[in-house]
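Worth saying up front: this structure is predicted, and the values here are computed from it rather than measured. All chains are named by letter (A, B, ...) in the order of the sequence lines, taking the proteins before the strands, and each is independently numbered beginning at 1. Keep in mind that the numbers below use all heavy atoms, side chains included, and drop hydrogens, waters and symmetry copies.
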Amino acid sequence: MEFLIQQTLIYAVPLLIVALAGVFAERSGIINLALEGIMIFGAFTGVLFIHIMQKNEAFMKEQAQTLLVLTMLASAALGAVFSLLLSFSAVNLKSDQTITGTALNLLAPALVLFLINVIANQNVLSMFSGDAASWFMLKKSTFGFDDIESLNPLARLLFINSDGEMNFFARTFLVKNYLTTYICIAVFVVLSIILYKTKFGLRLRSCGENPQAADSLGISVHKMRYSGTTISGALAGMGGFVFALTTANASASGDVAGFGFLALAVMIFGNWNPGTIALTAFLFGLFKCIAAAYSTIDLNGDGVYLLKELGISTNFYRMLPYLITLLVLAFTSKKSRAPKAEGIPYDKGVR
Amino acid sequence: MRNLNSKAKESASPLLKNEGIKSVSASLLSIMAGLLVGGAITVIVALINDEISFKAGLEGLKLIFFGLFSTGRDISGNLTFGFNPVNIGNLLFRATPVIMTGLSVAVAFKTGLFNIGAPGQYLMGTAASLFIALTIPSSSVPTWIIWLLALIGGMAAGALWGAIPGALKAYLNINEVLACIMTNWIAANLVTWFFESSNLRNGNESGKIGYIMPTSANGVVTAKLGLDRIFPGSQVNGGILVAIIFAILVYVMIYKTTLGYSMKACGSNKHAAEYAGIKSKRMLVLSMAIAGALSGGGASLYYLSGNTEFFHATYQSLPAEGFNGIPIALLAANNPIGVIFSGLFMSMLNIAGQQLKNLTAYNEYITDIIIAAIVYLSAFSLVIKALLSGLHKRKSAVAVATRKGNSTTAGVQTHADEEIIEEINNGVKNAEIDFSEDKREGEE
C-alpha cells in the first residue's frame, strides 16, 4: 500500500504541476501545446545543472537537498526562457499557436539530443556521480528516524508508533519520497490561490475570456499573456525536471514519455479548474503506476499479486491511461468549457 | 478606402502579387532562416567546445548545405563533393513515406483539422501491411498481388485509425489534436502487443531481436523499375513514383472535384458549408479517413521495399516519419504538388544529417533542429508573406492571418461549434457577468 501511494505520487506530481502550467497559459488565452517540449527542455537543464555542480564539486552529498531546490529553480527559469519562443510568436507575431507549439515540441528533443551528444557523446545525460535515490531521496536518517532515542519528543509523538517504529504516515509520506513532491504540491496550491483570489489572477483570466473587454478596462492583454505563458513555461520546466528525477533516475534523453500531452489531457479533463485537475492528476498517476508496476502490486499484503495473475498483457496496462482519457473525454466533452478566447491572437481592431 | 487599397495593390511589385509565388518565397525564406539557425548553432558549438576545432565547424557547415553531394573524405582528410548516386537514391527512398504523411497532414489541413495523428496511422499501416505481406503464402499467390493487397490493407488500417479522431471531433466535439495524440499512443501499444503475440518476429538472424522479418522473406518486394540502375548501391525503388502519383491524385481530388471543394468549404467556414448543403460532419470524418489512408500507405511503401525492418517495440516512441509530415505540409503551404518538393527537401536534410554524423564530430540531430526552426517560422509565414507584399498591406494580411488562425484553432477549441456564433454575439455581455462574479469572489 505504501508502495502504491508513493508510486502514484511519483507519476501524479509532474502531471499536476504541468497541467497547472497549461491552465496558466490557456487562461491567459494562449494554447500551450509545447508543454511536452518545455518539459523535455526543463528535464535537460535540470540534469545538466546537477551534472555541472557535481563535476565542479560545488555541492557534496550532505547538501543534496539544497542542490535539489536550486536545480528546480534553474529548470523553472530556463523553462520560462524557452517558453518565450512561444509567447513571442503567439503574442507579437500573432502566429498559429498550435503550429508554434508543435514546432517547439520538435525543437526541444532535437536541441536537447544534439547538446547531449556534444556533451556526453551518447544519447543520455546522467548525473556526474551517484544516482538520484542515494543523493536526493528522503531517507530515515534525513529525519533522524534511524536513531529514535535521540529524536525530539514532538516528532516522536507524531511519527513513531508504540512499537518504536515509524507509523504509516511516516513510512508513506516522509521516507522514500522526494522533497520535490511537496514543493510541487505547495507551488500548485499557492498558484491556484493566486489565479483565483488575487487581482492579477482575475486580470489574467479575463484576457483568456474576453481580451477586448479586458483591454477596455486598461489591462494590457499582451503583458498578461506574456505572464501567463512565462509562468506556464516555468512550471512545465520544473515539472520536466521532477519527472526526470523521479522516474528516470535524474537522466535526460530528450524524452518525457508523452507526459506533456497527458498533462494537457488532464487539464481538459479537469475542466481548466485546479481542484478537478488535482483529482484527475492523482487518478492518472494511479493508472500510470498500475501500468508501470502492476506485476508487483500487492494491495492487501497477502502475497498474491492480483493484477499479475489476471494474465493481461503489459501492453494493455500501458495503453490504459490513453484509452480511458479518450473514453472519458467522449462522455464529458459536451460539458467541457475552455477559456473563450484561447488560441485567438489578440487584435485591437477586432470587435 | 477601397480605391486606396486597390491602388496600393497595384503599386506592389507585380512578382509579389501572385499568391503562389508569395507562398513559395515565404517557404524559401523559412528554409533559409532555418538553415541559418542550424549553421549558427554549428559554428557556436565549434567556438565553445574545445574538442571541435573551428575548421571542423566549417566542415559541419558545408555538410549541412551540401551534404547530399558529399562523397566522403580524400586521403589527406579533406571533404570531397561530387555526384553521389547512393545519397540521391536513398534520398528518393526516404522521401517516399514522408511525402505520403505530408499529403496526409495537408489533406486534413484543407478541412481545417490538424492531423498530428499521422504517427499512429503510420504505425497501424505498418502493422497491417507487414501482416498481409508476411502471412499470405507467396507459393500460391503471385507476389505482386500480395504487394497490392498489403498496400491496400495498410491504407485501410490507416484510414480506420484516422477516422476515429475525425468521428470524435465531428460527433462528440473532442479536440482533434488531443484525440490524435491519444490514438497515437494507443496505436503504439497496440502494434507492440500485436507483434509480440505474433510469429512474425525475426528469430533467425542474430542481432535482430525486436525486429519483424523483412517482407523479402516472403518474396514481396517493391519493383525497382530500373531506378536501381540509375542510382546503383542505394535503397531506391518504385515506391517514390507511387507516392508522386498519390500526390497528383490528391491534387486532382482537392482542386478539381466536388468532394475536394466541399472539404475546402468545411475548412474555411463550416457554417457556410453547412448552409450550402454540405454535410460538414461527414466531411470531417472522410477527410481524416483519407488522411489516415495516406499515412498508412506511406508506411506500406516504406516497409514493402523489402530492405527495411520494423522494430516492433514502439510503445516508447512514435515514428518520426509521421511527425515529419507536419513540417512538410506546412512548408508546401498544403499544396499536394508542393509536398513532393518539400518532402524531397526534408529527406535531403536527413541525408545531410547522416553525412554529418559519419564524417564529423556533430550528430544528425542538427537537422531536426533545422526542421523545427522551419516549422516555427512557417507558423507565421502569413506574416512573412504580408511583409513581402509591402508594409501598406500588412494590416489587412495580419487580419487575414488572425482570421485564419481562428479557423484552424477553432478546431482546437472544445466548444460545441453551434455555440460559437452565439458566444461571439453574447461575448461582451457574458464577460461582464463573469467579471462581476469573479469580483464578488475576490472580495470575499
Practice item. Look only at the side chain of B:Y365 and the backbone of A:P109, and say whether a donor-acceptor pair between them is shorter than 3.5 Å. Key: no

Point to revise | Heavy-atom proximity to chain B below 4.5 Å, by part of A:T325 | key: side chain

Exercise for review: Heavy atoms only, distances under 4.5 angstrom: which of B:I41, B:L178, B:V45 has the most pairs with chain A? Name it, please.
Suggested key: B:L178

Check your understanding: Which region of B:E196, side chain (C-beta onward) or backbone (N, CA, C, O), has a non-hydrogen atom less than 4.5 Å from a non-hydrogen atom of chain A, or is it both or neither?
Key -> side chain

Check your understanding: Contact part of A:F316 toward chain B, heavy-atom cut-off under 4.5 Å: side chain, backbone, both or neither?
Key -> both

**Study point:** Interface moiety of A:L104 toward chain B, non-hydrogen atoms closer than 4.5 Å
**Key:** side chain

Practice item. Please assess A:T102 against B:F114 for the test side chain to side chain contact (heavy atoms under 4.5 Å, CB included), listing each intermediate value before the final yes or no. Key: CA-CA 11 Å; A:T102 309; B:F114 188 49; 3.3 Å; yes

Review point. Going by residue number, which parts of residues 186-195 of chain B are within reach of chain A, meaning a heavy-atom gap below 4.5 Å?
Key: B:I186, B:N189, B:L190, B:T192, B:W193

Review point. Picking from B:L172, B:L168, B:N363, B:V375, which has the most non-hydrogen pairs under 4.5 angstrom with chain A?
Key: B:N363

Point to revise | Residue part contacting chain B, namely of A:I119, when any heavy atom lies under 4.5 Å | key: neither

**Study point:** Step-by-step side chain to side chain contact (heavy atoms under 4.5 Å, CB included) determination, B:M182 to A:L323
**Key:** CA-CA 7 Å; B:M182 295 300 140; A:L323 205 59; over 6 Å; no

Point to revise | Considering all heavy atoms, the nearest B:Y376-A:S89 contact | key: OH-CB, 3.3 Å

Review point. At their closest point, which heavy atom of A:L329 faces which heavy atom of B:I174, and how far apart are they?
Key: C-CD1, 3.7 Å

Practice item. Please look at A:D255 and chain B and tell me whether the side chain, the backbone, both or neither of the residue comes under 4.5 angstrom of a heavy atom of that chain. Key: side chain

Revision key, fill the gap. In B:I369, B:I370, B:V37, B:D368, the residue satisfying side chain to side chain contact (heavy atoms under 4.5 Å, CB included) with A:L107 is B:I369

Point to revise | Step-by-step side chain to side chain contact (heavy atoms under 4.5 Å, CB included) determination, B:W185 to A:L326 | key: CA-CA 11 Å; B:W185 288 103; A:L326 214 50; over 6 Å; no

Practice item. Please determine, among B:I371, B:T183, B:L330, the option with the most heavy-atom pairs under 4.5 Å with chain A. Key: B:L330

Point to revise | Euclidean distance, A:L106 CG relative to B:I374 CD1, rounded to 0.5 Å | key: 11.0 Å

Point to revise | Contacting moiety of B:I366, where chain A heavy atoms sit under 4.5 Å | key: both

